[in-house]
Amino acid sequence: MIKTIDYLFLYSLGAIWLLLLFNVRCSFAGYSFYLETMARKIDIIKGIPYYPCVSILVPAHNEEKVIERSMLAMLKLDYPRDKLEIIVINDNSKDQTGNILQNLQLQYPDRNLKIITTDDQTGGKGKANALNMGLKQAQGEYIVVYDADNTPEVMSLRYLVYEILSCERYGAVIGKFRTRNKNASMLTKFINIETLSFQWMIQGGRWKLHRLCLLPGTNFIIQKKLLEEIGGWDPKAIAEDTELSIRVYFQGYEIAFMPKAVAWEQEPETLSVWLKQRTRWVKGNIYVLNKFLLSSLHASGPIILDLVYRLVETFLFFSAIIISDVIFVLGLLGIDKISLPGNFIIIWVLAYILFILEISINLTMEKGELNFHNTLLVMLMYFTYCQCWIVVCVRGIYSYTRDAVLKREHVWYKTERF
Amino acid sequence: MDNLNKKTKGYFILSIMELFILMSLFFLSPALVTPKNYVLLCLTFFLGILAFSTQLVVGLLASLFLVFIYGSLILYKAIFGGNLEFSLAKDYFWLLVFPVVAYTFGRLGVLANEFSDIITDLRQEVKNLVRVDSLTGFNNKQKFYEDLYDEMRRAKRHDFDLAVAMVKVMYFSELVAMYGRDKADDIIRLMVKNIQQALRYEDKKYRLEADTVAFILPNTNKEGAEVVKERLRKSLDHITLFDGEKQERLNFNFKMGILSYDKKSDDVLAFKQRLEQELQYDV
């Protein structure tokens, strides 16, 4: 006879199978997007119809370790100088960030480099707040955001401008970010594999399937007019990028992905920094779900799909994991056991093999990344790095709930630099 | 290159080994010989061929598809089909076989492509570097343009005379069709031998096309050029070809043009074009 526990088990099997199906579909779509991008003729030298004024916003809070090189990279961007404005928001920094920026201003007097300095009274309220301050000062027709650790490639701004001008529906265009310090530690190697896969499979795949992308928080261009229409960034949002993306879609615009606009960024080198950063992302995503779930009932378009997808994914995944874990423990303690015959280990074998294949496929799209060393890392990643995500999710949910219950303001955690 | 060679051999052996192991399994365990497994074996072969002949990523995508479909099928049978006798040795190993075969064959394909790229590059490089035609020992077209430019500059600067001659074997492709490539080559060789006797040592000789040769004749004025033309015509008029026992005397049609340099422009391409026009008047 089939018992309740059997139904629950079957449910978790089905849920995991569905998630596997989603990801297989995304892999194919991501590759198809890659082929499309490679086949496109993109002439960034002569193909840009006109050069709009662009304001680059760089929020910087205690960034003395990285800010100089990032600024130099931005100053080197290939774009008409009289059309480019760089605004750094030196947000309540307690280190040498301000001095470094001033020196740069003296060294490049002919460049349009503006510095907005805030203290603990006027600033220090997180990235969204800093960006809003920059937005007020910006003169450009388009806004580009780079994090203070970003070193964009020389031509990347041209790609972003080219793409956003190519279609009126594009409210924003995101570029691709890559890991500069991928060889620094085992963790950064994992992050490198993770970010590449995320961008090709999730961003590229979703763009191909549903014309949907989410702003990554850095290395993107957005219409200033649109930003002003929707009131800039939400200062309460911790994942201000995802939050903004959803409002861009609500406004009827699309966010496109241009993988040829590359910026290199620094990733956390130690587990504790990584945990804090990712916990912030999880909290930010819960905030976004919380904020838009009800209002989204009145909206339409692909963004609803994403919200529903996120919710379903989170719900399916967590319920499946928790249920199967509980069943495992019950079985171990001898309280209750699945009466279904058969060997269901297949779902885990399947999940593992599909994971390795999907990640490998994504790595082939980046020259030199699918090597023997990385293949071994992918095999290892499933049991190590990926499991850490469970910790991150639990931490994020716990921290968000605690803040909500105690009515505390979410504290902005700024990722430490190396 | 050494490393590439080693890798290619390694992946080749690995690919063969995989197929060997797979086939051995069927011989060692007759229980595996089922229609289902035969289909899966066929799919594995096709997957390997696909991964090798297209791209690694195409192979991986195909194996992703196969693994997902096959895995889902097993899962479905386990839940709804009442089929309980699944085991690693009998069923699950296909889930591993697909990706492993796709990866090794795909890698082998990548390495083969790398070799072919290297060869293409080298060929191009050799083409750019080589200045001598292997059959005649004459210089080739690139060298002709380089030398012609130098000689034109020199003639202009030091007020030397300069003439250039061109000889074209008519109906060369028909000749090749009639006598074969080897004999046509013999004819060219004989032609070259005769020409060398007719020209001075310091005259520069080039093979521009399969059927066309050209000569730069420094310090040769218009009258001198006419003399050369006559000598060339005589030497090329009769070519006797020895074919084993019998001696074959062949008559060929040649067109010959000769042009002396007027020292006005440095444009080698325009000069060559005028020389080609000269050929048309040689009726």
Side-chain angles (χ1 to χ4, degrees), chain A residues 2 6-7 9-14 16-32 34-35 38 200-201 205 338 340-372 374-375 378-379, chain B residues 3-4 6-7 10-11 14 47 51 54-111 113-114 117:
Chain A
I2 296 180
D6 295 334
Y7 282 118
F9 181 70
L10 284 180
Y11 161 79
S12 60
L13 274 186
I16 292 169
W17 184 83
L18 263 181
L19 286 172
L20 295 179
L21 177 69
F22 278 152
N23 286 334
V24 168
R25 193 163 162 250
C26 271
S27 288
F28 276 91
Y31 181 63
S32 149
Y34 166 78
L35 289 182
M38 292 301 131
W200 282 116
M201 206 166 123
I338 317 163
L340 286 174
N343 192 351
F344 292 102
I345 200 168
I346 176 75
I347 190 82
W348 303 116
V349 178
L350 188 61
Y352 182 50
I353 295 174
L354 288 178
F355 171 82
I356 295 173
L357 271 173
E358 282 160 7
I359 305 290
S360 304
I361 288 167
N362 291 312
L363 291 185
T364 57
M365 295 177 220
E366 241 24 270
K367 209 174 182 181
E369 288 289 347
L370 184 64
N371 47 39
F372 186 65
N374 273 356
T375 312
V378 173
M379 292 181 186
Chain B
N3 195 21
L4 192 65
K6 264 186 210 158
K7 265 190 181 170
Y11 274 106
L14 210 61
L47 180 64
T54 55
Q55 279 177 49
L56 175 61
V57 62
V58 176
L60 290 177
L61 280 166
S63 72
L64 178 70
F65 181 73
L66 287 176
V67 166
F68 185 71
I69 296 292
Y70 182 63
S72 305
L73 211 67
I74 298 183
L75 199 64
Y76 177 81
K77 277 192 173 171
I79 298 171
F80 302 104
N83 190 349
L84 314 173
E85 288 164 21
F86 287 107
S87 68
L88 179 73
K90 271 174 64 192
D91 306 281
Y92 293 169
F93 79 99
W94 291 108
L95 294 178
L96 279 176
V97 166
F98 292 141
V100 169
V101 165
Y103 185 80
T104 35
F105 278 75
R107 269 264 174 246
L108 193 62
V110 168
L111 292 166
N113 286 342
E114 255 172 66
D117 288 349

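Below, read A as the first sequence line, B as the second, and so on, with proteins coming before strands; counting in each chain starts at 1. Just so it is clear, the structure is predicted and the values come from calculations on it, not from any experiment.
- The shortest side-chain heavy-atom distance between A/Leu363 and A/Val378 falls under the 4.5 Å cut-off.
- Dense packing is recorded around CZ of A/Phe355, with more than 12 heavy atoms of other residues, nucleotides or ligands lying under 6.0 Å away.
- Of the two parts of A/Leu370, the backbone and the side chain both hold a non-hydrogen atom closer than 4.5 Å to a non-hydrogen atom of chain B.
- Listed for the A/Asn362 side chain is no donor-acceptor partner under 3.5 Å among the backbone atoms of A/Trp200.
- Contact of A/Phe28 with chain B is made through backbone and side chain together, with heavy-atom distances under 4.5 Å.
- The one candidate from A/Leu20, A/Ile353, A/Val24 that meets the side chain to side chain contact (heavy atoms under 4.5 Å, CB included) condition with A/Glu358 is A/Val24.
- Chain A forms the most heavy-atom pairs under 4.5 Å with one residue out of B/Val67, B/Leu61, B/Leu60, B/Leu95, and that residue is B/Leu61.
- Highest contact tally toward chain A, considering only B/Phe65, B/Phe68, B/Tyr103, is held by B/Phe68 [criterion: heavy-atom pairs under 4.5 Å].
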